[in-house]
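Comments concern the structure below.
Because the structure is predicted, anything quoted here is derived from the model rather than measured. Every chain is numbered from 1, with letters handed out A, B, ... down the list of sequences. These numbers come from the heavy atoms of this one structure, side chains and all, not from hydrogens, waters or symmetry mates.
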Amino acid sequence: MTTDRNFLSQLNPSQRRAVEHFCGPLLVVAGAGSGKTRALTYRIAHLIRHHQVDPENILAVTFTNKAAREMKERIEAIFAQDLAQNKYGQRLELLAEYEQKQLRSRIYKTITKKLWIGTFHSLFARILRYDINKYQDERGRIWTRNFSIFDESDAQSLVKNIVTKQLNLDEKKFDPRSIRYQISNAKNLGLSPEQYLKENPHYKGRVIAEVYDGYQAQLAANNALDFDDLILIPVRLFQQNESILGYWHSQFRHILVDEYQDTNRIQYELIRLLSTNGETRKSEWNWQGRSIFVVGDADQSIYSFRMADFTILLNFQSDFGDGLPDEDTRTMIKLEENYRSRENILQAANSLIENNTQRIEKVLKPTRGLGEQIYCYKADNEQAEAEFVINKLKHLREENPELDWGSFAILYRTNAQSRSFEDALIQRSVPYTIVGGFKFYDRQEIKDALAYLRVVSNPADTVSLLRIINTPRRGIGKATIELLISASQELSVPLWEILSDETSVNTLAGRAAKAINKFVKTIQEFQEQIETLSAAEILHQIMEKSGYIDELKSKGTEEADNRLENVYELNNAVLQFQQDTEDTTLEGFLANASLASDLDNLEEGQQKVSLMTLHSAKGLEFPVVFLVGLEQGLLPHGRSIDDPLALEEERRLCYVGVTRAQEQLFLTYAKERYTWGSRETKIPSQFLQELPKELISSNIKPKIYSRRLIASKPAGGAILSDRDLNWSVGDRVVHQVYGEGEVTHILGSGKKATLAIKFSDLGQQKIIPPTDPKLAPMQ
DNA sequence: AGTGGGTTTGTTTTT
DNA sequence: CAAACCCACT
């Protein structure tokens, strides 16, 4: 028996077609829970085993590092199983432990290690380590392979600095955060500052372009890139250098992209260049021994704020295929059977998403029986909401031995919502993990430690240098630093150049000279050993020699102890990384650390309740899901509520949440919650109304609503009673979509009358017919 | 030079 | 209601 037959037989016909696809373009439209990850994994295995594709020639893009890791593990397991059969005629798990280990390590060396599997960011960061020295931007700026990767807060402060210090602009009028966002968007569209200016020639656009240009200059001066550059620069490099593109084009013969609906323009461009070698004439494309295979679901596109554009997915067939409709072509496969959720949950999901206009028709087909009803809980406030959730999950766990804490997830729209649940979980001593929010790598001491490493690896990184130059305190004051910075600016060299020149320091720094020279020597000592010492050794020693550890130890406060603990944990993380990747270089670890996300630490089988945002939950599944905070203004979020397209994305987000649940789904909302320090009345999410009533049970007592509803119901809305029109200015009202408001004007009269209502949630006025069924007077 | 207190500002979502 | 930010004081 071959394992080949083994895994192909586990697939339905569509999945099987996807897995067996060899050359040319293919779009797999995969609904939630339809086994797309499986299709992706098996296809990679199939390419290697059945078509003898060299693992080195496969590029697979995943959405998170965690997904990449899991995919590698699964592929490794398939081949290790194979090898066990061939070599010992036995299943892998029946072999002795050391034999298993040996087989796995052999597969790791011959297959897993060679596969290019990762996120866009980590894959192309790696490619830039090879080729960035061949790149020049439009102003002739260059970078070297030891570049730093700046995180969002680094980028933020760079922009802020340019706005306030370099251009002397009013921070109030030119909000650095918004400008930073514009710059990021421009980069995600592939626009340089000049190109951005051309498209935005108005005053504000000119300012943004100028900041953008200054920002690029700063990045270059620091030999640093931001997240967006990791994609943008490869594209530019490939566009300007045919031979480099040619090299990677022939390297990556089979390209696979997961979550293709959340790809943005520049990522698409990158994929297009690599797969077509930059050739725009379709007649010239040669798919011999090559493929482009993308998997996605437009209904789960939830990253438009990051410039993701699901029309890229919708256009796949015309971009890469023959452009013929589905039936006449072999470039699209739909996976609609859902193997994850109970039928009740799927029905709810289907009817919810049908309210969207921007989609391709697709229905999730149940395979797993009806299951429990969905339960909707109306809570008095956020504490009561949390209370209900914790009680419920404790109860469920007691009743069902197959459930452990890890079977539960609490999903919410915004990170801030986690608080009340955390409090309740702690109080009832339920183990939990929070994904997202404050990350390990965002902690002060971790950033300090990484800054030391970055300066060793990339001394031009002035941002990191300034972070640590007087941390721990060594008497290098603000005035001294200012002086040295202006010297470096005058000579237009990195600050480090000044610091590492002893005579300059001695003439400029006065009293602090001694301390600076000592600091510089410490760093230099490690720079010299960068090739010989491992990342872990460098980290360990530099934290000792810089005095950082001593400072924390001598403080003795609980907080300092905690920090110390975290530094040690970082050391463990480096060791773990070195073990997993067999990469002991400092550069390797730093790149990994910058791109690590919190989600990556979510281990399965951890026996802890998971708390996370809906965005983080994408791609995950849990037996029991609590989707909380289903209120107007929260889900849908207040900032999306009056933009129809944004509202559809909120609905997709809700859809993602619903489809995470395997067995049971709970929906909750609160009547009242603290927002900005004051109590606010909330109204149920409009999405709740979009779910079929018969699927849902709840604690909401049917109550007599309004005079209007009672009056108009028997008439079916056709005949209006007098009361329908009996509104007056100053009436308080509730609208199911817009929330609470007050009638400010009555326009017209009789049956054609309309109401102008000022909604407090929206901060804005709306014109609404008095017969709108979503409108009711407030009790 | 570093802390402290008082003020302001802000909440989508993330690689 | 926080966290973050700023200024002034020690």
* Asked: Do Asp461(A) and Ser464(A) have side-chain atoms, one donor and one acceptor, less than 3.5 Å apart?
  -> yes
* Asked: Looking across every strand, which nucleic acid part, if any, lies under 4.0 Å from Asn470(A) by heavy atom: base, sugar-phosphate, or nothing?
  -> sugar-phosphate
* Asked: In whole angstrom, what separates Leu128(A)'s CG from dT15(B)'s P?
  -> 19 Å
* Counting side-chain heavy atoms from C-beta on, which of dT15(B), dC6(C), dT14(B) comes nearest to Lys160(A)? -> dC6(C)
* To do: Verify the contact: side-chain N or O of Asn188(A) to OP1 or OP2 of dT15(B), cut-off strictly under 4.0 Å; return yes or no.
  => no
* Nearest nucleotide by nearest heavy atom, which residue falls closer to the 5' end of DNA chain B, Thr480(A) or His637(A)? -> Thr480(A)
* Using whole Å, report how far CG of Leu232(A) lies from P of dT15(B). => 20 Å
* dC6(C) pairs with, by Watson-Crick or G-U criteria that keep both distances under 3.5 Å -> dG5(B)
* Asked: Among the nucleotides dA2(C), dT15(B), dT14(B), which one has an atom lying closest to any side-chain atom of Phe305(A)?
  -> dT14(B)
* Report the distance from atom CG of Leu647(A) to atom P of dT13(B), rounded to the nearest whole Å. => 18 Å
* Is there a donor-acceptor pair under 3.5 Å between the side chain of Thr62(A) and the backbone N or O of Thr64(A)? -> yes
* Asked: Would one find a side-chain N or O of Ser640(A) under 4.0 angstrom from OP1 or OP2 of dT12(B)?
  -> no
* To do: Take atom OH of Tyr441(A) and atom P of dT15(B), then tell me their distance rounded to the nearest Å.
  => 14 Å
* Asked: Thinking salt bridges, do Asp154(A) and Arg454(A) make one under a 4.0 Å N-O criterion?
  -> yes
* Using atom CG of Asp643(A) as one end and atom P of dT12(B) as the other, report the distance to the nearest whole Å. => 15 Å
* Structure fact -> With the side chain defined as heavy atoms from C-beta on, Arg639(A) is closest, among dA1(B), dT15(B), dT12(B), to dT12(B)
* OP1 or OP2 of dT15(B) less than 4.0 angstrom from a side-chain nitrogen or oxygen of Asn65(A), does that happen here? -> no
* Asked: Rounded to the Å, how far apart are Gln417(A) CD and dA2(C) P?
  -> 16 Å
* Structure fact -> Lys478(A) NZ to dC7(C) C1', in whole Å, measures 10 Å
* **Between dT15(B) (C1') and Leu225(A) (CG): distance, integer Å** => 14 Å
* Asked: To the side chain of Arg473(A), which of dA2(C), dT14(B), dG2(B) is closest?
  -> dG2(B)
* Asked: Quick one: does NZ or CZ of Arg652(A) land under 6.0 Å from the six-membered ring centre of Tyr655(A), within 45 degrees of the ring axis?
  -> no
* Asked: Centres of the Tyr215(A) and Phe150(A) rings: under 6.0 Å?
  -> no
* To do: Give a yes/no on whether any side-chain N or O of Thr613(A) is located under 4.0 angstrom from OP1 or OP2 of dT14(B).
  => yes
* Ring-base stacking, Tyr303(A) with dT13(B) (5.5 Å, 30° cut-offs) -> no
